[in-house]
Amino acid sequence: SKMFLNTRMEPILSQKHSWTLWAIGISFGWLSILFLGVFSAQAAVYTVNTTGDATDGACEEIYLSGVSDCTLREAIEAANGNAGVDTIRFLIDPAFADDGSGQWEISPESPLPTVGDPLVISAAEVWDVDDDRPGIHMTGDSGDGFVFGAGSTGSFLQGLEVSGFA
């Protein structure tokens with residue numbers, strides 16, 4: 001078998017050992033990729049596209065007349081089920097009328113799910129530039145509005161007006 005030599009012409013490894021180390025290195029490389037793929041947190045972005053409050057258990061991106069939608073409630077539920085720092089953004093479908101001056105109102109009929117993971121809830125993209133105010137107004141009288149529970153450290157709200165909750 002062939003030997004590999006260092007600069008002093010001393011044997012280092014035989015070719016047989018070299019192939020064994022190469023195969024072990026490749027195996028560990030694939031295991032590392034698989035491990036990272038399974039255990040790494042994938043942040044997700046959920047887009048609220050309706051002012052409704054119903055939930056069918058899915059947060060679909062494209063609004064199709066109430067068949068495929070993503071309510072705020074569904075977005076929070078989906079984010080709670082996904083590890084990592086997720087983002088909820090708003091892009092309300094034009095099928096929903098605003099208040100006549102550029103602000104959409106979301107009125108949950110029951111308390112929203114408690115936020116259990118780090119979450120960014122941002123309505124900055126739908127800012128009402130005409131009246132210089134948030135484009136989303138969340139109002140209600142049921143529950144506490146947004147509740148941030150254990151595990152939600154680092155969460156924040158941006159660009160929303162929240163009123164009327166207990």
Side-chain angles (χ1 to χ4, degrees), residues 27-166:
S27 299
F28 278 117
W30 279 110
L31 287 174
S32 298
I33 290 170
L34 290 173
F35 179 78
L36 290 174
V38 171
F39 294 105
S40 67
Q42 277 303 103
V45 176
Y46 302 98
T47 303
V48 174
N49 55 22
T50 175
T51 58
D53 186 42
T55 181
D56 60 10
C59 184
E60 290 105 358
E61 186 80 24
I62 300 170
Y63 180 78
L64 297 173
S65 303
V67 176
S68 292
D69 63 1
C70 183
T71 65
L72 178 57
R73 181 176 306 281
E74 290 171 328
I76 293 171
E77 289 171 351
N80 280 342
N82 187 57
V85 180
D86 298 318
T87 300
I88 294 176
R89 67 187 200 107
F90 296 80
L91 188 59
I92 305 298
D93 191 273
F96 296 94
D98 62 23
D99 68 356
S101 63
Q103 190 177 53
W104 283 278
E105 187 171 290
I106 296 177
S107 299
E109 297 174 13
S110 62
L112 290 170
T114 297
V115 175
D117 274 343
L119 180 63
V120 175
I121 301 175
S122 176
E125 293 178 65
V126 292
W127 190 264
D128 180 5
V129 294
D130 294 333
D131 292 323
D132 195 26
R133 65 181 179 163
I136 302 294
H137 178 208
M138 195 175 95
T139 185
D141 55 10
S142 59
D144 295 323
F146 290 105
V147 176
F148 294 89
S152 65
T153 302
S155 297
F156 66 91
L157 298 172
Q158 175 184 20
L160 285 99
E161 179 181 342
V162 180
S163 66
F165 291 94

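Contact check for V45 versus R89: side-chain heavy atoms found under the 4.5 Å cut-off. By the 4.5 Å heavy-atom criterion applied to side chains, P111 and V147 are not counted as neighbours. T55 is listed as a side-chain neighbour of E77, based on a closest heavy-atom distance under 4.5 Å. Using a 4.5 Å heavy-atom cutoff, the side chains of D93 and T50 are not in contact. With a 4.5 Å cut-off on side-chain heavy atoms, D99 and E105 do not count as touching. Looking only at side-chain heavy atoms (C-beta outward), Y46 and L119 stay at 4.5 Å or farther from each other.
Here the CG atom belonging to D86 is positioned 7.0 Å from the CG atom belonging to D117, to the nearest 0.5 angstrom. Between atom CG of residue L157 and atom CZ of residue F148 there is a gap of 4.0 Å, rounded to the nearest 0.5 Å. Taking CD1 of I121 as the reference point, atom CG of L112 lies at 8.5 Å (rounded to 0.5 Å). From D98, atom CG reaches atom OG1 of T51 across 10.5 Å, with rounding to the nearest 0.5 Å. Between W104 atom CH2 and I136 atom CD1 the span is 6.5 Å, to the nearest 0.5 Å. To the nearest 0.5 angstrom, C59 atom SG is 7.5 Å from N49 atom CG.
Here the side chain of D53 pairs no donor or acceptor atom with the backbone of S107 at under 3.5 angstrom. Here the side chain of E125 pairs no donor or acceptor atom with the backbone of F90 at under 3.5 angstrom. Without hydrogens or angle criteria, E74 side chain to D56 main chain gives a donor-acceptor distance under 3.5 Å.
Closest of all the heavy-atom pairs between P118 and S155 is CA-OG, 3.4 Å. Between T139 and G164, the shortest heavy-atom distance links the atoms OG1-CA, 4.4 Å.
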